[in-house]
Amino acid sequence: MPDGDRGTYHAPMGTDCLFCRIVAGEIPATIVRETATTLAFRDIDPKAPVHVLVIPKEHYADVATLAEADPGLAGEVLATAAVVAEEEGLTGDGFRLMFNTGPHAGQEVFHAHAHLLGGAPLGPMLCR
Ligand code: AMP
Ligand code: ZN
């Protein structure tokens, strides 16, 4: 899908949320899948051969807020991630799905997003 051709969604006036602006087509992204309620696009600074971010189009600050407000939408984010994992050829060897939430997790963008990582052995879950 061409950048800037993202239908009728518009980021709320004055929003400074990066991912809302990607949903609105105001900032370009390499989109790999879109549903009515979710968007999947490649991370700009990939940490694995496959690194895709999966977000709800609606703004929630993090996955906990999303899950509490709209568990169905949280499930749709997971379902989109599973389809992208299949499309990216990750199902056989596996993948990691990660939601950084809050300062201890180093969350930088406060619009809920799943990191879908794979394409090579990912190493231990945490560096110690
Ligand atoms: P987090 O630290 O969990 O909040 O992750 C934010 C992620 O967003 C990081 O992996 C960044 O590389 C990624 N990111 C930042 N800006 C962009 C962008 N314009 N397009 C795609 N990914 C981005
Ligand atoms: Zn947002």
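Read the numbers this way: they start at 1 and go in the same order the structure lists the ligands and their atoms. Numbers here are sequence positions counted from 1. Computed from a prediction, not measured in an experiment: that's the story for all the values here.
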Students should find that the hydrophobic cluster of Leu117, defined by side-chain heavy atoms under 4.5 Å apart, otherwise consists of Met98, Leu122
Side chains of Ile55 and Val23: does their closest heavy-atom pair fall under 4.5 Å?
-> yes
Please, which pairs that meet side-chain hydrogen bond (donor to acceptor under 3.5 Å, both in side chains) have at least one residue in residues 82-98, sequence neighbours excluded?
-> Arg33-Glu87, Arg42-Glu88, Glu86-Thr91
Provide the closest heavy-atom pair for [X] versus [Y] in the form atom of the first, atom of the second, distance.
X	Y	result
Ala81	Leu116	O-CD2, 3.8 Å
Pro56	Ala112	CD-O, 3.3 Å
Tyr60	Glu58	OH-OE2, 3.2 Å

Assess the pair His113 and His115: is the distance between their ring centroids shorter than 6.0 Å?
->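 Here the rings of His115 and His113 have centres that are less than 6.0 Å from each other.
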Looking at Phe19 versus Phe41, is the centre-to-centre ring distance below 6.0 Å?
->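 Here the rings of Phe41 and Phe19 have centres that are less than 6.0 Å from each other.
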Side chain to side chain contact (heavy atoms under 4.5 Å, CB included) with Val77: which of Thr38, Asp70, Leu39, Leu97?
->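 Of the listed options, the one satisfying the test is Thr38.
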Please report how many protein N/O/S atoms lie under 2.8 Å from the Zn ion (ligand 2).
->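 Step by step: take the Zn ion (ligand 2), keep protein N, O, S below 2.8 Å, and you get 4.
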Lining ligand 1 at under 4.0 Å, by non-hydrogen atom distance, are residues Leu18, Phe19, Ile22, Phe41, Arg42, Asp43, Ile44, Asp45, Lys47, Leu53, Asn100, Gly106, Gln107, Glu108, Val109, His113, His115
